[in-house]
There are 2 protein chains.
Amino acid sequence: MNAKKAEKISKALGDPNRLIIIQEIRKKGDPLYCCDIDNVLNLAQPSICHHMKLLTDTEIVISEKQGRNVRYTLNDKLLDEYIDFLKCLKKD
Amino acid sequence: MNAKKAEKISKALGDPNRLIIIQEIRKKGDPLYCCDIDNVLNLAQPSICHHMKLLTDTEIVISEKQGRNVRYTLNDKLLDEYIDFLKCLKKD
DNA sequence: TTTATATATTTAAATATTTCGATACATTTT
DNA sequence: AAAATGTATCGAAATATTTAAATATATAAA
């Protein structure tokens, strides 16, 4: 992973609401719908939508349209690549 | 590490200049002075200072005053804790 | 096919971040 | 003690991010 990508992911993770969203996806066992987040976050629907867009744009969260819902899952592979980037920042 | 701390670190890493600074500290073998960064970054001195403050506030970078210079090193321990936090976001 | 539900987009305001010039402070050198 | 050097702070402008109201779109249910 290059620095630009790591920067984007860091930025995506650098917000309290988005961290809660990610933890919620993780907690739910994975597949989670947009509306599930309404219950956890004290935000208007467009705000949640904005955060979801940010997370899916970086691909750290993957979205799949399912009927009129959207199903979200964590991109474990990309998370691993991000972790590897961070490990490289330490001594070899 | 709690989410609040992880958020701060993510935010600190979510900037191209700060990532360059961190990579530069890493590249240099570790101890690096503030003025070393002038050569790498196209930023005014107060801007660099601002970024260094942000990085040291989160403790991801450690500063030690040495004469009229400041010596910077990476906090590998905290980086590890951050990595552990990220690992917990994945499936157990 | 009208109505209801879930999500997305647009627009605008509030807030936060980034940047730099001016200046201050601390230490070292002369 | 004065000058030089390295870093920090203040204040302000430019830019980016976060938020929500209004509205749009897409699918499902009635």
Side-chain angles (χ1 to χ4, degrees), chain A residues 3-25 28 30-75, chain B residues 3-25 28 30-75:
Chain A
K4 195 69 203 162
K5 184 78 185 172
E7 181 207 326
K8 294 283 184 203
I9 294 176
S10 302
K11 211 171 276 182
L13 298 176
D15 175 273
N17 291 317
R18 289 196 292 272
L19 274 186
I20 289 171
I21 290 171
I22 287 178
Q23 286 177 321
E24 205 57 25
I25 296 178
K28 249 236 160 177
D30 250 7
L32 158 144
Y33 300 97
C34 198
C35 49
D36 290 330
I37 297 163
D38 264 324
N39 309 320
V40 183
L41 246 48
N42 198 18
L43 281 181
Q45 180 267 327
S47 304
I48 292 174
C49 203
H50 167 253
H51 288 301
M52 293 321 293
K53 183 163 169 35
L54 237 153
L55 287 169
T56 53
D57 279 355
T58 62
E59 296 175 286
I60 204 73
V61 166
I62 295 168
S63 75
E64 268 183 289
K65 193 138 197 182
Q66 194 151 86
R68 63 184 158 186
N69 301 294
V70 179
R71 224 174 108 117
Y72 293 108
T73 46
L74 281 182
N75 188 343
Chain B
K4 195 71 203 160
K5 184 76 186 177
E7 180 207 326
K8 294 282 184 204
I9 294 175
S10 301
K11 211 171 276 182
L13 297 176
D15 174 273
N17 290 317
R18 288 197 291 273
L19 274 185
I20 290 172
I21 290 170
I22 287 178
Q23 286 177 320
E24 205 57 27
I25 296 178
K28 249 235 160 178
D30 251 8
L32 158 145
Y33 300 97
C34 199
C35 48
D36 290 329
I37 296 162
D38 265 323
N39 309 319
V40 183
L41 246 47
N42 198 18
L43 281 182
Q45 180 266 328
S47 304
I48 292 175
C49 203
H50 167 253
H51 288 302
M52 294 319 293
K53 182 162 170 33
L54 238 154
L55 287 169
T56 53
D57 279 355
T58 62
E59 296 176 287
I60 203 73
V61 166
I62 294 167
S63 75
E64 267 182 289
K65 193 139 199 181
Q66 195 152 85
R68 63 184 156 186
N69 300 296
V70 179
R71 226 174 107 119
Y72 292 108
T73 47
L74 282 182
N75 188 344

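So you know, we letter chains A, B, ... as the sequences are listed, proteins then strands, and number each from 1.
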Exercise. Rounding to a whole Å, what distance do you find between Leu41(B):CG and dT19(C):P?
Worked result: 8 Å
Problem set entry | Pair Gln66(B)-Tyr33(B), side-chain donor/acceptor within less than 3.5 Å | yes
Exercise. What does Leu43(B) touch in the nucleic acid at a heavy-atom separation under 4.0 angstrom: a base, only the sugar-phosphate, or nothing?
Worked result: sugar-phosphate
For this session: Please determine if a side-chain N or O atom of Asn69(B) lies less than 4.0 Å away from the OP1 or OP2 oxygen of dT28(C).
Result: no
Exercise. Counting any heavy atom closer than 4.0 Å, what does Leu54(A) reach on the DNA or RNA strands: base, sugar-phosphate only, or nothing?
Worked result: sugar-phosphate
For this session: Give a yes or no on whether the backbone of Ile62(B) and the side-chain of Asn75(B) come within a donor-acceptor separation of less than 3.5 Å.
Result: no
Exercise. Rounded to whole angstroms, how far apart are CE on Met52(B) and C1' on dT18(C)?
Worked result: 16 Å
For this session: State whether the distance check finds a donor on one side and an acceptor on the other, under 3.5 Å, for side chain Gln45(A) versus base dA6(C).
Result: no
For this session: Under 4.0 Å between any heavy atoms, over every strand shown, what does Cys49(B) touch: base, sugar-phosphate, or nothing? Just pick one.
Result: base
Exercise. When all nucleic acid strands are considered with a 4.0 Å heavy-atom cut-off, which category describes His51(A): base, sugar-phosphate, or nothing?
Worked result: sugar-phosphate
For this session: Return the minimal non-hydrogen interatomic distance between Ala12(B) and Thr58(B), and the atom names on each side.
Result: CB-CG2, 3.9 Å
Exercise. Given atom NZ of Lys53(B) and atom P of dA8(D), what is their separation to the nearest angstrom?
Worked result: 9 Å
Problem set entry | DNA chain D contacts made by residues 7-15 of chain A, counting heavy atoms under 4.0 Å | Lys11(A), Asp15(A)
For this session: Using a cut-off of strictly less than 4.0 Å, decide whether Ser47(B) has a side-chain nitrogen or oxygen near OP1 or OP2 of dC20(C).
Result: yes
Exercise. To the nearest Å, how far apart are Asp57(A) CG and dT9(C) C1'?
Worked result: 14 Å
Exercise. For the pair made of CZ in Arg68(B) and C1' in dA3(D), what is the distance, rounded to whole Å?
Worked result: 11 Å
